[in-house]
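Written below as structure tokens is the structure these notes are about.
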Protein chains: 2
Amino acid sequence: MPFRKNISNLTVQRLSCYLRTLRTLAENGRISVSSGEIAEKVGSTAAQIRKDLSCFGSFGKKGHGYNVSELITTIENVLGLDKKWNVALIGLGRFGQSLSVYKGYRNETFDIVAIFEKDPSKTGKSFNGIPVYPIDDLAKICEKKSIVLGIIAVPPAAADEVIQKALDAGIRGMLNFTGKCGCQVPPHAFVKDVNMAAEIETLSYYLTRQ
Amino acid sequence: MPFRKNISNLTVQRLSCYLRTLRTLAENGRISVSSGEIAEKVGSTAAQIRKDLSCFGSFGKKGHGYNVSELITTIENVLGLDKKWNVALIGLGRFGQSLSVYKGYRNETFDIVAIFEKDPSKTGKSFNGIPVYPIDDLAKICEKKSIVLGIIAVPPAAADEVIQKALDAGIRGMLNFTGKCGCQVPPHAFVKDVNMAAEIETLSYYLTRQ
DNA sequence: TCCTGTGAAGTTCTTCACAGCC
DNA sequence: GGCTGTGAAGAACTTCACAGGA
């Protein structure tokens with residue numbers, strides 16, 4: 001994979017969105033697509049799409065656009081989706097429970113293979129077919145199951161402590177649903193804050209100031 | 001509220017994060033706080049905090065920092081959180097069900113007062129204490145209950161149609177959990193895409209390319 | 001003619017650095 | 001001394017515009 005430029009954070013996020021659109025196109029039997037058409041479907045501009053795609057090579061055909069299946073393969077490869085990621089869910093409260101059943105991501109790529117929970121009454125059994133372990137077993141199980149991704153769904157007050165435990169267990173990427181934002185991690189690790197309160201408060205702002 | 005500058009999208013999102021930190025400080029009895037301390041807690045820089053706050057006035061005390069409770073009140077006012085928003089949840093599949101019980105946002109500000117669902121076997125009763133209506137009643141109920149915010153939790157293929165219905169019903173702000181991104185809406189309306197697949201795929205990228 | 005790929009220009013966002021005030 | 005508020009500088013991102021290939 002020729003990485004001709006640094007791919008920015010924003011570009012990475014958009015690639016994921018392009019990918020979804022391309023998969024839909026592929027399901028509908030489409031062979032090729034132009035940057036303008038992708039732009040229309042994802043609510044962006046043709047120039048933005050081309051700039052983003054140009055970060056990792058030139059494989060469009062001038063005058064004809066991009067080959068849909070080739071572009072899907074390329075983006076999957078860039079994003080590292082061409083392998084399977086074992087994921088740990090930490091926290092089996094109400095939101096953790098719902099995340100364990102939510103399949104918004106592709107199961108063949110991201111698979112929750114272990115759940116960790118503090119409350120001993122919940123551990124030692126399965127939830128939704130996934131074994132539930134005490135949180136103290138994090139390091140042991142993560143190593144055994146090759147887990148490097150985590151979904152953190154504990155209360156905000158426990159966020160820092162749990163994230164630290166996850167780091168110690170070798171988890172290097174986390175989706176943080178705790179609501180606590182900006183938790184510090186070392187440079188080799190990544191935490192993405194997913195914050196529904198912030199999202200809905202942003203809407204409140206726009207509806208108020210308009 | 002003196003709006004001295006346009007507040008950018010990014011600033012608005014950060015305000016929400018500052019607010020959460022400030023509330024925690026207030027609960028701990030803190031009276032004042034410096035931009036540097038907020039920055040440390042949210043993982044940002046002091047200059048960024050000051051720039052963001054300067055958008056809507058100057059109320060820090062030089063040499064002393066900001067008054068915590070005053071800043072909370074101001075940010076709540078800026079974000080429009082000083083009133084109650086009635087919210088509609090559209091889609092009562094598994095993820096919709098979990099969103100209806102998830103209280104990641106403040107209930108005194110955002111209150112789900114109606115659920116809408118296509119499947120007639122689910123309508124006409126309550127779920128988690130919230131009445132479930134057929135989706136065709138959207139306009140009628142939204143007007144009756146003064147609903148202008150919506151949480152969309154239907155399958156991606158239905159996203160465009162449901163968002164259009166919500167717009168027609170007078171809903172002007174939506175959290176879009178469908179996974180379909182970039183749905184077009186008129187300029188007076190706002191859709192925020194919340195995309196767990198994109199978030200986790202971004203992590204995959206960073207762990208792969210490192 | 002159509003559409004890509006890409007420098008250049010334009011815009012937006014962040015960081016710097018310091019005057020000013022407590 | 002400590003910390004805010006803010007122009008100015010710098011960095012990052014987006015859009016423009018056009019050369020060039022199919």
Side-chain angles (χ1 to χ4, degrees), chain A residues 1-18 21-22 25 30-68 70-71 74-75 78 181-182 202 205-206, chain B residues 1-18 21-22 25 30-68 70-71 74-75 78 181-182 202 205-206:
Chain A
M1 178 66 46
F3 269 63
R4 325 212 318 192
K5 299 177 187 174
N6 280 347
I7 301 189
S8 81
N9 210 321
L10 290 162
T11 295
V12 174
Q13 295 184 40
R14 284 191 296 261
L15 286 179
S16 188
C17 186
Y18 304 163
T21 298
L22 289 164
L25 286 170
R30 286 287 301 276
I31 302 301
S32 72
V33 64
S34 70
S35 56
E37 186 174 355
I38 299 174
E40 194 199 341
K41 289 191 189 298
V42 302
S44 180
T45 67
Q48 179 77 81
I49 311 288
R50 293 202 299 275
K51 258 290 198 265
D52 284 341
L53 297 182
S54 74
C55 290
F56 45 91
S58 314
F59 31 77
K61 302 268 185 304
K62 299 190 179 186
H64 289 86
Y66 302 88
N67 179 285
V68 173
E70 187 186 325
L71 198 47
T74 305
I75 295 177
V78 168
C181 40
T202 304
Y205 168 79
Y206 283 113
Chain B
M1 180 64 45
F3 269 63
R4 324 212 320 190
K5 300 178 185 172
N6 280 347
I7 300 188
S8 83
N9 211 321
L10 291 162
T11 295
V12 174
Q13 293 184 43
R14 283 190 297 260
L15 285 180
S16 189
C17 187
Y18 304 161
T21 298
L22 290 165
L25 286 171
R30 286 290 299 278
I31 302 299
S32 73
V33 65
S34 70
S35 57
E37 187 175 352
I38 300 174
E40 195 199 339
K41 288 192 188 297
V42 303
S44 180
T45 66
Q48 179 77 82
I49 310 287
R50 292 202 300 276
K51 257 291 199 268
D52 284 343
L53 296 182
S54 74
C55 290
F56 45 92
S58 315
F59 31 78
K61 301 268 187 302
K62 298 190 179 185
H64 290 87
Y66 302 88
N67 179 284
V68 173
E70 186 186 327
L71 199 46
T74 306
I75 295 178
V78 168
C181 40
T202 304
Y205 168 80
Y206 284 112

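Below, chains carry the letters A, B, ... as their sequence lines are ordered, and counting in each starts from 1.
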Please examine the side chains of A:Tyr18 and A:Leu71, heavy atoms only from C-beta on, and report whether any two atoms are closer than 4.5 Å.
-> no
Round to the nearest Å and state the distance from B:Leu71 atom CG to D:dC3 atom C1'.
-> 14 Å
Could you state the CG-C1' distance from A:Asp52 to C:dT6, rounded to the nearest angstrom?
-> 14 Å
Is the distance from OP1 or OP2 of C:dT14 to the nearest side-chain N or O of B:Arg14 less than 4.0 Å?
-> yes
A:Leu10 atom CG is separated from D:dA11 atom P, nearest whole Å, by 18 Å
To the nearest angstrom, the CG-C1' distance between B:Asn67 and C:dC22 comes to 15 Å
Counting side-chain heavy atoms from CB outward, which of C:dT14, D:dG20, D:dT14 is closest to A:Lys62?
-> D:dG20
Are any of A:Ser8's side-chain N or O atoms less than 4.0 Å away from OP1 or OP2 of D:dA12?
-> no
Is A:Tyr66 near enough to C:dC2 that one of its side-chain N or O atoms lies under 4.0 angstrom from OP1 or OP2?
-> no
Choosing from D:dT4, D:dG7, D:dT15, which nucleotide comes nearest the side chain of B:Ser34?
-> D:dT4
Please say whether more than 12 non-hydrogen atoms of neighbouring residues, nucleotides or ligands are located less than 6.0 Å from CD in B:Glu37.
-> yes
To the nearest Å, give me how far apart CZ (B:Phe56) and P (D:dT6) are.
-> 13 Å
A:Ile7 has an atom CD1; how far is it from atom P of D:dA12, in whole Å?
-> 16 Å
For A:Thr11 and for B:Leu53, locate the closest nucleotide of DNA chain D by heavy-atom distance; then report the residue assigned to the nucleotide nearer the 5' terminus.
-> B:Leu53
Rounded to whole angstrom units, what separation is found between the CD atom of B:Glu70 and the P atom of D:dT4?
-> 13 Å
Counting only heavy atoms not in B:Leu10, do more than 12 fall under 6.0 Å of its CG?
-> yes
So does A:Ser35 get a side-chain nitrogen or oxygen closer than 4.0 Å to the phosphate oxygens (OP1/OP2) of C:dC3?
-> no
Within the pair B:Arg50 and D:dT4, is there a side-chain N or O less than 4.0 Å away from OP1 or OP2?
-> yes
Only one of A:Val78, A:Thr11, A:Leu15 passes side-chain contact (heavy atoms from CB on, under 4.5 Å) with A:Leu53; say which it is.
-> A:Leu15
Rounded to the nearest Å, what distance is computed from the NE2 atom of residue A:His64 to the C1' atom of nucleotide C:dG5?
-> 17 Å
Heavy-atom pair of closest approach, residues A:Lys41 and A:Leu25 = CE-CD2, 3.7 Å
Please determine if a side-chain N or O atom of B:Gln48 lies less than 4.0 Å away from the OP1 or OP2 oxygen of C:dC13.
-> no
From D:dG5, D:dA8, C:dT6, pick the nucleotide closest to the side chain of B:Lys51?
-> D:dA8
May I ask you to say what A:Gly63 touches in the nucleic acid, namely base, sugar-phosphate or nothing, with a heavy-atom cut-off under 4.0 Å?
-> base
From C:dC16, D:dT15, C:dC21, pick the nucleotide closest to the side chain of B:Ala47?
-> C:dC16
